[in-house]
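Notes for the one structure printed next.
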Amino acid sequence: MLIGHLTADVDIRQTKNGHTVASFSIATNQVLKSEDGTKRELTDFHRVVAWEKFGQMCSQYLIKGMAVYLEGRLVNRSFDDKEGNRHYRTEIIAETLNILTWKKSKSGQQE
């Protein structure tokens, strides 16, 4: 379970097998207070993936800056880039999402 803000608009695409996949990133913040009373804020970024109709809905309604509550499961995966370097990524496969703050869309409509 996470509460955060979208860092960019949703990216939606089709896999080679014809499945719809939407991906986006959310930022979560944590305020820490030191012993001397000073506060500092830590921000973490999380990659979120939503599949099929749920992904299409995310693409339709979510825009950069919106606050969302989401539930999902963690998936660790690895892949090799064009140069043969191995990369590792942890993603959240979204299963539930609630919009906490609405923003106006690019067309000016309330989203």
Side-chain angles (χ1 to χ4, degrees):
M1 294 181 275
L2 291 173
I3 295 176
H5 289 85
L6 270 76
T7 62
D9 290 339
V10 177
D11 178 42
I12 192 160
R13 63 182 178 82
Q14 298 289 320
T15 67
K16 292 178 184 177
N17 297 331
H19 298 283
T20 302
V21 60
S23 59
F24 55 96
S25 177
I26 65 168
T28 57
N29 298 316
Q30 178 182 10
V31 177
L32 300 176
K33 191 173 183 180
S34 65
E35 291 180 16
D36 66 359
T38 59
K39 293 180 184 179
R40 69 182 179 126
E41 189 171 341
L42 295 177
T43 303
D44 289 306
F45 299 91
H46 312 275
R47 182 173 168 81
V48 182
V49 176
W51 290 92
E52 302 299 348
K53 290 190 185 268
F54 187 52
Q56 291 172 352
M57 284 187 351
C58 288
S59 175
Q60 182 179 359
Y61 292 105
L62 299 179
I63 58 175
K64 179 180 179 177
M66 283 184 162
V68 296
Y69 165 86
L70 72 89
E71 294 179 16
R73 58 188 167 82
L74 294 176
V75 173
N76 295 306
R77 65 182 186 90
S78 63
F79 60 94
D80 296 326
D81 64 17
K82 293 177 183 176
E83 290 80 35
N85 299 314
R86 171 119 326 171
H87 296 270
Y88 298 92
R89 182 173 283 165
T90 299
E91 298 174 328
I92 301 165
I93 306 300
E95 296 170 349
T96 301
L97 186 135
N98 291 320
I99 298 172
L100 301 177
T101 59
W102 291 89
K103 291 191 158 254
K104 292 194 180 210
S105 71
K106 294 173 188 165
S107 66
Q109 296 292 324
Q110 182 77 21
E111 290 281 325

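On a predicted model such as this, the values are computed, not experimentally measured, just so you know. Below, each value reflects all heavy atoms present in this structure, side chains not excepted, and no hydrogens, waters or symmetry copies.
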Requested in this report: Identify whether M66 and I3 are in the same connected component of the hydrophobic contact network (ILVMFWY, side-chain heavy atoms under 4.5 Å).
Outcome: no

Query raised in the report: T15 and N17: side-chain donor and acceptor closer than 3.5 Å?
Result: no

**Report entry** Closest non-hydrogen atom pair, R86 against S78
**Finding:** NH1-OG, 3.7 Å

Report task. List the steps and the verdict of side chain to side chain contact (heavy atoms under 4.5 Å, CB included) for H46 and D44. Result -> CA-CA 7 Å; H46 312 275; D44 289 306; 3.8 Å; yes

Report summary line: Minimal heavy-atom distance between V48 and A94, with the atoms involved, is CG1-CB, 3.8 Å

Report task. Hey, could you give me the CG/CD1 distance between L70 and I26, rounded to the nearest 0.5 Å? Result -> 4.5 Å

Query raised in the report: Run the side chain to side chain contact (heavy atoms under 4.5 Å, CB included) check on I63 and L6 step by step: do they pass?
Result: CA-CA 7 Å; I63 58 175; L6 270 76; over 6 Å; no

Query raised in the report: Distance from E95 atom CD to R73 atom CZ, nearest 0.5 Å?
Result: 5.5 Å

Report summary line: In short, H5 meets G65 closest at the heavy-atom pair CD2-O, 3.1 Å

Report summary line: Separation between CG (L2) and CG (L97), nearest 0.5 Å, reads 10.5 Å

Query - Worked verdict on R47 versus T90 for side chain to side chain contact (heavy atoms under 4.5 Å, CB included) - result: CA-CA 7 Å; R47 182 173 168 81; T90 299; over 6 Å; no

**Report entry** Side-chain donor or acceptor of T7 paired with backbone N/O of A27 under 3.5 Å
**Finding:** no

Query - Cluster link L42 to V31, ILVMFWY, side chain under 4.5 Å - result: no

Query raised in the report: For the residue pair G55 and A22, what are the closest heavy atoms and their distance?
Result: O-CB, 3.4 Å

Query raised in the report: Checking N29 side chain against T43 main chain: does a donor-acceptor pair fall under 3.5 Å?
Result: no

Query raised in the report: If you group Ile, Leu, Val, Met, Phe, Trp and Tyr by side-chain heavy-atom gaps below 4.5 Å, do M57 and F24 land in one group?
Result: yes

Query raised in the report: When clusters are formed by joining ILVMFWY residues with side-chain heavy atoms under 4.5 Å apart, either directly or through shared neighbours, do V21 and I93 land in the same one?
Result: yes

Query - Euclidean distance, L74 CG relative to I92 CD1, rounded to 0.5 Å - result: 6.0 Å

Report summary line: When rounded to the nearest 0.5 Å, the distance separating CD1 of I99 from OH of Y61 is 8.5 Å

**Report entry** Qualifying ring-ring contact (aromatic ring centres under 6.0 Å, His included) pairs, either residue in residues 68-94, two or more places apart
**Finding:** F79-H87

Query raised in the report: What's the verdict on side chain to side chain contact (heavy atoms under 4.5 Å, CB included) for Q14 and T20, showing C-alpha distance, side-chain angles and the deciding distance?
Result: CA-CA 5 Å; Q14 298 289 320; T20 302; 2.9 Å; yes

Query raised in the report: Heavy-atom count around R40 CZ within 6.0 Å, excluding the residue itself: above 12?
Result: no

Query raised in the report: Between OG of S25 and CD of E91, what distance do you get to the nearest 0.5 Å?
Result: 11.0 Å

